[in-house]
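Report on one structure; see the data block that follows.
Just so it is clear, the structure is predicted and the values come from calculations on it, not from any experiment. Throughout, a chain's letter reflects where its sequence line sits, starting with A, and its residues are numbered from 1. When reading the values below, keep in mind they use all heavy atoms of this one structure, side chains included, and skip hydrogens, waters and symmetry mates.
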There are 2 protein chains.
Amino acid sequence: MTTMRDIAKLSKVSVSTVSRVLSGKGRVSAEKRNEIIKLANQFHYIPNYHAKCMTKTGVITVGLVVPDISNPFFSKITMGIEAELRDNALLILMNSFRDIEREKRLSLLLRDNGARGIIIGNSHVEDDFVFEISKYIPVVVFDKEYNLPNISTIKLDNVYGAYLATNHLIEIGCPSVVHFGGFDDLDVSIQRREGYKKALRKGMQPYVIPTGYDERSGYEKAKKILPSKKFGGAFCMNDLVAIGVLKAAKEMGIRVPEDLKIIGFDDTELCEVVTPPLSSIHQPIEEMGRAAARALLKMIEGEESTRSYLFSPSLIVRSSTLSIRGDQDAKEEVR
Amino acid sequence: MTTMRDIAKLSKVSVSTVSRVLSGKGRVSAEKRNEIIKLANQFHYIPNYHAKCMTKTGVITVGLVVPDISNPFFSKITMGIEAELRDNALLILMNSFRDIEREKRLSLLLRDNGARGIIIGNSHVEDDFVFEISKYIPVVVFDKEYNLPNISTIKLDNVYGAYLATNHLIEIGCPSVVHFGGFDDLDVSIQRREGYKKALRKGMQPYVIPTGYDERSGYEKAKKILPSKKFGGAFCMNDLVAIGVLKAAKEMGIRVPEDLKIIGFDDTELCEVVTPPLSSIHQPIEEMGRAAARALLKMIEGEESTRSYLFSPSLIVRSSTLSIRGDQDAKEEVR
DNA sequence: TATAATAGAACAAACGTTTGCTCAAAGAGG
DNA sequence: CCTCTTTGAGCAAACGTTTGTTCTATTATA
């Protein structure tokens, strides 16, 4: 690596003169200036980043730990974060591959490698660990609540989202609504189930079918359940499950939306692609990413100690929940 | 920020003793050792990363510039890269948002902020610029060919992929095959069109329908073209276009695969979700990411100057190209 | 008891920059 | 012709570590 000293020697000036030329500060004669610039180019001189950081304060870097960047949810979050960071900070990305130990290792690695803050997307790591990290650098976490200094939280109002979905089904005339989802292993499941129950009118019975999180799971449960009882609507805990249910319904000759109305959650791109297009609950994912980045920056700059955001989901109506009466309102809402 | 000096003062020892305690090297009495460790914890001491890098050589960081991480193609690539990097290097992620100027700025930013190498995913930046960067740090690019020192390239054999797809349609009995895709603005388009033409048998006429890259585009072109002429098969330049064509076909009462067989390209998750499931050409995306990371690391470590990889696509048969005769082979190949 | 080995700790140089200070030479003003 | 200002350049300290060297006090060996 070429250093300033090398260039100084070659051009027979002092290091400080080289520094002043290359940074454009201070007066240097045109003659030496040219000589120095020529040599710098010739030897592909790059100022040593770390040395620079010792005297000036360099560009902030922040770390992001996600389970799996290829999951659209996290890649959208990442987009939002990076868009907000823009030129204020660099983003170091790490996939935990859902391995708690790795997640811990990475967080420490980030802390010890100059990251000035960390965003943890959907951590399954112990609270204690997050707390420990937060003593050293600020942390933003998704989907959890900490009331601790130096930890900000970003959440979606899942209860409300589930309420919106279920309520929509009821309003367009479903006499009964079944809910696919709600294993108790994740907070989201519990919350969405809660919202579902809240929306049910007096006298309506809740039908909760514990389901996994993928298409196959939705498909299998639907195959079992749908023949046994006629439901007007189905609220599924995410789009994948909804697509599984949709597939099963079609195979069994149940028409969507005429016989059964289906709505998912997350509003992924898949919704637009299946037939009929799937209604869903939209999360402002990118906005949530931006908020996370903003919160972290604020904490790093020491302006604020903590922020907590609760984001509101919204209802996106597509053909899978079109009212049979050709409801104008519903039509309007279709993107 | 607490520094070693602070801790040294508080515990009335020299900085070097603190250093030796904290790094676990050299002999220090148990008494001072405990005192120092206690103070370090108490004040949340973090060794200054940049100072450390001045004397030891720290963890390598490399940069990744992609147009849009929320595009599944790039997020998968990223997965591969990061998986390969593992603990050997940190990954700084940057979205160019398809803005050439931003892409340039980012690359320079990376170079000047300690990145030891850069991976550029699908760059639209001028060759000269890539060349210029490569003088300073090694570069890996996708989908382009440079025969320059310090630049490695990763490519998919698009011609072969298109050949595979088209040939498959012909082999299962399509008397004619139409190709949706092939605007001349991107190399991939040109290459896939070339593969399509190569696969056509003597006497078969090429039908190339210039189409965009999204579902809507496929849908609109199909609506126009399909009624005018009866095709046995359709090879679409990507999955989205294929899904558009599929949708249009269904609406027009053209049965898939009975009346028309459709195959896409990229083998995205969408394929599994549409009805009928879509045959496609698979790219070993993650593997390509891993190769990129490996190539970069090799260049950084100075072991090799340049590597060029050409990856082979493979055919994934699903229901959208099932032979009408209930071909056993095809059945077998379905995931 | 004299000598050698060792433990424990400090000193100081080095890593590659930036920048305040100093200093000499040249030019300006009276 | 003498003093004052300006220009151009170097010196040296500082940033926060690491580590080879040195030094002293203690312990082990003969």
Side-chain angles (χ1 to χ4, degrees), chain A residues 1-41 43-61 108-109 111-116 136-137, chain B residues 1-41 43-61 108-109 111-116 136-137:
Chain A
M1 279 285 108
T2 323
T3 70
M4 280 194 176
R5 216 202 316 279
D6 300 330
I7 299 202
K9 264 185 195 137
L10 289 169
S11 52
K12 302 194 196 308
V13 298
S14 71
V15 177
S16 33
T17 303
V18 176
S19 173
R20 287 193 237 269
V21 166
L22 263 19
S23 66
K25 294 171 185 174
R27 293 173 295 237
V28 180
S29 68
E31 189 192 3
K32 306 213 169 186
R33 173 182 308 276
N34 291 335
E35 169 76 359
I36 287 169
I37 290 178
K38 205 190 90 198
L39 284 166
N41 284 328
F43 288 92
H44 306 313
Y45 167 76
I46 313 180
N48 181 300
Y49 171 63
H50 302 296
K52 227 171 184 168
C53 286
M54 296 290 301
T55 55
K56 334 265 295 179
T57 134
V59 179
I60 291 172
T61 65
L108 292 173
L109 191 66
R111 192 244 279 157
D112 297 338
N113 281 276
R116 298 280 307 278
Y136 294 86
I137 49 179
Chain B
M1 280 282 108
T2 323
T3 70
M4 280 193 177
R5 219 208 308 285
D6 301 329
I7 299 199
K9 264 185 197 137
L10 289 170
S11 51
K12 301 192 195 310
V13 299
S14 72
V15 177
S16 36
T17 302
V18 176
S19 172
R20 287 196 233 267
V21 168
L22 264 19
S23 66
K25 294 171 186 174
R27 291 174 297 234
V28 180
S29 67
E31 189 191 5
K32 306 215 169 187
R33 173 182 305 276
N34 291 336
E35 169 77 358
I36 287 169
I37 289 178
K38 205 189 89 199
L39 284 167
N41 283 328
F43 289 92
H44 306 313
Y45 168 76
I46 312 180
N48 181 300
Y49 172 63
H50 302 297
K52 227 171 184 167
C53 287
M54 296 291 301
T55 55
K56 333 265 293 179
T57 132
V59 179
I60 291 172
T61 65
L108 292 173
L109 191 64
R111 193 243 281 157
D112 295 339
N113 280 275
R116 298 281 305 278
Y136 294 85
I137 49 179

_Phosphate OP1/OP2 of D/dA9: any A/Lys32 side-chain N/O under 4.0 Å_ = yes

*For C/dT19, does OP1 or OP2 lie under 4.0 Å from any side-chain N or O of A/Lys25?*
yes

*Could you tell me whether the side chain of A/Ser19 and the main chain of A/Val15 form a donor-acceptor pair under 3.5 Å?*
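Judged by distance alone, no pair lies under 3.5 Å.
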
*asked:* Heavy atoms only, 4.0 Å cut-off, all strands: where does A/Ser29 land among base, sugar-phosphate and nothing?
replied: sugar-phosphate

Find the distance between [atom1] ([X]) and [atom2] ([Y]) and round it off to the nearest 0.5 Å.
| X | Y | atom1 | atom2 | answer |
| --- | --- | --- | --- | --- |
| B/Ser11 | B/Ile36 | OG | CD1 | 4.5 Å |
| B/Arg111 | A/His44 | CZ | NE2 | 10.5 Å |
| B/Ile60 | A/Asn113 | CD1 | CG | 11.5 Å |
| A/Lys38 | A/Leu10 | NZ | CG | 10.0 Å |
| B/Ile46 | B/Thr3 | CD1 | OG1 | 12.5 Å |

Could I get a table of every N or O pair under 3.5 Å where one atom is in the protein and the other is in nucleotides 13-16 of chain D?
residue : atom : partner : partner atom : Å
D/dC15  : OP2  : B/Arg5  : NH2          : 3.0

Taking [atom1] from [X] and [atom2] from [N], how many angstroms apart are they, rounded to a whole number?
| X | N | atom1 | atom2 | answer |
| --- | --- | --- | --- | --- |
| A/Arg33 | D/dG8 | CZ | P | 9 Å |
| B/Lys12 | C/dG8 | NZ | C1' | 19 Å |
| B/Leu22 | D/dT17 | CG | C1' | 11 Å |
| A/Tyr49 | C/dT18 | OH | C1' | 16 Å |

_5' precedence on DNA chain C between B/Val28 and A/Val15 (nearest-nucleotide basis)_ = B/Val28

Do you know which two heavy atoms are closest between [X] and [Y], and how far apart they sit?
| X | Y | result |
| --- | --- | --- |
| A/Gly58 | A/Cys53 | CA-SG, 3.9 Å |
| B/Met1 | B/Asp6 | O-OD2, 3.7 Å |
| B/Leu22 | B/Ala40 | CD1-CB, 4.4 Å |
| A/Arg33 | A/Gly26 | NH2-O, 4.2 Å |

Write down the protein N/O and nucleotide N/O pairs, taken from nucleotides 5-7 of chain C, whose separation is under 3.5 Å; answer none if there are no such pairs.
residue : atom : partner : partner atom : Å
C/dA7   : OP2  : B/Arg27 : NH1          : 2.4
C/dA7   : OP2  : B/Arg27 : NH2          : 3.4

*asked:* From C-beta outward on A/Thr17, which listed nucleotide comes closest to its side chain: C/dT18, D/dA9, C/dA9?
replied: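 Shortest atom-to-atom distance from the side chain points to D/dA9.
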
Distances for protein N/O vs nucleotides 20-29 of chain D N/O pairs under 3.5 angstrom?
residue : atom : partner : partner atom : Å
D/dG20  : O6   : B/Arg20 : NH2          : 2.4

*Can you pull the side-chain hydrogen bond (donor to acceptor under 3.5 Å, both in side chains) pairs that have at least one residue in residues 48-59 of chain A, sequence neighbours excluded?*
A/His50-B/His50

*side-chain hydrogen bond (donor to acceptor under 3.5 Å, both in side chains) between B/Ser14 and B/Thr17, intermediate numbers included*: CA-CA 5 Å; B/Ser14 72; B/Thr17 302; 3.1 Å; yes

_Non-neighbouring partners of B/Tyr45 that pass ring pair (Phe, Tyr, Trp, His ring centres under 6.0 Å), sequence neighbours left out_ =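 With neighbours one apart ignored, the set is empty.
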
*Determine to 10° how strongly the helix from C/dT1-D/dA30 to C/dG30-D/dC1 is bent, judged from the axes of its five-pair ends.*
50°

